[in-house]
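What follows is one structure encoded as structure tokens, with my remarks underneath.
Order of the sequence lines sets the chain letters (A, B, ...), proteins ahead of strands, with each chain counted from 1.
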Number of protein chains: 2
Amino acid sequence: MSKHTPRHRKGTDQPTLAQVAEMAGVSSITASRALNSPERVSDTTRQRVLDAMDHLGYVPNLVAGSLASSRSRFIAVIVPSLANAVFIEVIKGLQSTFESAGYQILLGNTDYDIEREHQLVRTFLGWSCSALVTAGLRHTHACHKLLKDCDRPVMEVMELGEALDLNVGLDHVAAGRTMARHLLDKGYRRPVYVGARLDDDYRAQLRYSGHAEVLREADIAPLVLELDQLGSLEEGMKGLERVRNEHPDADAIHFANDDLATGALLHALRLGMRVPDDIAIAGFNGLPLGQFTTPRLTTIQSPRDTIGRLAAKEVLSRLEGKRVTRRQHDVGFELVVGNST
Amino acid sequence: MSKHTPRHRKGTDQPTLAQVAEMAGVSSITASRALNSPERVSDTTRQRVLDAMDHLGYVPNLVAGSLASSRSRFIAVIVPSLANAVFIEVIKGLQSTFESAGYQILLGNTDYDIEREHQLVRTFLGWSCSALVTAGLRHTHACHKLLKDCDRPVMEVMELGEALDLNVGLDHVAAGRTMARHLLDKGYRRPVYVGARLDDDYRAQLRYSGHAEVLREADIAPLVLELDQLGSLEEGMKGLERVRNEHPDADAIHFANDDLATGALLHALRLGMRVPDDIAIAGFNGLPLGQFTTPRLTTIQSPRDTIGRLAAKEVLSRLEGKRVTRRQHDVGFELVVGNST
DNA sequence: CGCTAGCATGTTAGCGCTAACATTGTTGTA
DNA sequence: TACAACAATGTTAGCGCTAACATGCTAGCG
């Protein structure tokens, strides 16, 4: 015979919907509806409920709501780095669109580690996120499976290719080709591609492969040089130094991004080098920074804000149940010719 | 007489702990413990449970766990803007520290609107966040109350002052004074303070008040000029133009931040002006950008990464139940004299 | 050999909310 | 007048997990 000592759990001592409902003299489901589907409750009742909420300082417990409805208004956003302005701008685009649709962003940072991505995906799925947005098409096998089977919109951004579900980005190989062609057209014959951690930042590697392809077609052996830090002015400076030491006859540097390129450009000017006469410098991204230097940086403008906004818009259409016709969107890119090449 | 048609709810069709437990031949609480307090389960049992989880592709439902335990491992982080590198760096500092302690960051962006902050605080409390970190000491009355009564660590960062609970930041008035003094020491007598949206970015306003104070002590009437965009190179360029039109005799510009200052500096160089001879330029923040120009920008270095890390560390101590002795930490600042003043 | 301490595991009862179905009253219409 | 259609509200039963208490078993001790 078990004795029935009544158990007690702590909970938060916040007011609950039931208390609000009692105060307003309605059932708790009515109080719930007053908040979540106000059109299903009469005006007078709704007002009484809202007054009671105000009075008690009620804050809805979204965890409980989420469990009951098995929907959270979370969007998981997974990026490889916060140090790079590119991802920040994509996040901004995503955030403004999702927040105005009443979704909350759950931000995860992988530090360019796909194992970490897998872990983040698990966590976010555990929070019943409504959709996932992740940078890139490369995942661990397990993560790929998880994303494929998770039965909610999955958006892969930044690059185009064979995607799991939705895909917004640009063709990085083509971008690399475009810049390499520009350099050849301008008469440079000994360009060096300088990136950092290319195994991790494989989009930079894709751009390099486009670059190398064009050079080989012109019978020029491609040269590549790899740095340690992904995108900083400081590291760009080191990049310039290393090119001067290791490839003293180089006539152009094609940097993997604008941060590196601008760092090198400003350093070159400081050393009294003439850009582009002594050495030409090109970047990738089209950050404002590079457009404020003298000479202006030659770069490739990527529509980062557009990626964020478009990705969010497509995910929202899916969440609203609309049939999505196009799963893939190429946002393109634009060669911006400055005076540094 | 009610008929008892058995009801069915959908849920997610994901495997549950109960299924894992059944497969492993244990009760669900044991399966739960195998994950959350492994030291309370024997090695063999734990292994059987973990195998079953693997086999079923189990992903823990964190929403349910959170509801049951009324703890969420979320840290709410509220910043006024993502456009500003300063907040990004603070976020990075917070993120790396919290993530390695197993907490997930919930990011909110107020766009410098304290009503929006209030709304975000409500949402995040609704998610049972373990702690809140917010930028600044100014809140709506209702938000202040909510934060005061929410019974979890609240950390206010960026500026020092009368805080709700924990506080990590620096003295912006003193920073403004320091830069103004530097300008006077260097012999400038007609400096203009240039900021943007000072009512919203009230920390810039605080710096101005320090600046103005020092000028008045030297019997110089402070001048201020207000721009529309908070921090962009482009807007800094406009700032320089406006100063030239509206205060043609100005000999120095004290910008509210380095983005504006650097934009003005690069623009001045492009126009062929001599800096600091024709006009001196100073900033605030110590972004790498300003240290790469020629001349280097005079600015005030704020330890942004430290703010993030220290804030996270203090919050974690509190979450781990340690008695916190100091609620307030002044991270200080440092005048960095470049060649632009 | 009885007793206690402690470890491994189980039973029960919620956490606070909402889906699904049920009930009541009110209106329109043939 | 009867009845369908609908609008407003209520009842019940979970969502999947873990806190709190309960139990059984082994080891250690005088």
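With values rounded to the nearest 0.5 angstrom, B:K145 atom NZ is found 12.5 Å from B:L164 atom CG. Taking NZ from B:K92 and CG from B:D305, the interatomic distance works out to 7.0 Å, rounded to the nearest 0.5 Å.
Checking the phosphate oxygens (OP1, OP2) of C:dT18, a side-chain nitrogen or oxygen of A:S32 falls inside 4.0 Å. The phosphate of C:dT9 (OP1 or OP2) has a side-chain N or O of B:T45 nearer than 4.0 angstrom. Look at B:Y58 and you won't find any side-chain N or O under 4.0 angstrom from OP1 or OP2 of D:dG16. Dashed line: the shortest gap from a side-chain N or O of A:S27 to OP1 or OP2 of D:dT9 is not under 4.0 Å. Look at A:S42 and you'll find a side-chain N or O under 4.0 angstrom from OP1 or OP2 of D:dT9.
The distance between atom CZ of B:R46 and atom P of C:dC7, rounded to the nearest whole Å, is 15 Å. Atom CZ of B:R33 is separated from atom P of D:dC21 by 14 Å (rounded to the nearest Å). Between the CD1 atom of B:I29 and the P atom of C:dC7 there is a distance of 18 Å, rounded to whole Å. Taking atom CG of residue A:L56 and atom C1' of nucleotide C:dG16, one finds them 15 Å apart after rounding to whole Å. For B:R71 and C:dG14, the CZ to P distance is 20 Å, given to the nearest whole Å. Atom CG of A:N36 is separated from atom C1' of C:dG16 by 13 Å (rounded to the nearest Å). Distance A:N61 CG to D:dC15 P: 18 Å, rounded to the nearest Å. Distance B:R73 CZ to D:dT18 C1': 15 Å, rounded to the nearest Å.
A:D51 and A:R48 are not joined by a salt bridge, as no carboxylate oxygen comes within less than 4.0 angstrom of a charged side-chain nitrogen.
Residue-level contact check: B:V26 touches the backbone only, with heavy atoms under 4.0 Å from sugar-phosphate atoms and none from bases.
Positionally, the nearest nucleotide of DNA chain C for B:R48 lies more toward the 5' end than for the other of B:R48 and A:A18. Residue-to-nucleotide proximity on DNA chain D shows that, of B:R40 and A:E39, the 5′-proximal contact is made by A:E39.
Checked against C:dA19, C:dC15, C:dT9, the side chain of B:V41 finds its nearest nucleotide in C:dT9.
One side chain, B:Q95 or A:N109, offers a donor N or O that lies under 3.5 Å from an acceptor on the other.
The residue from A:L50, A:V49, A:T30 that alone fulfils the side-chain contact (heavy atoms from CB on, under 4.5 Å) condition with A:V20 is A:V49.
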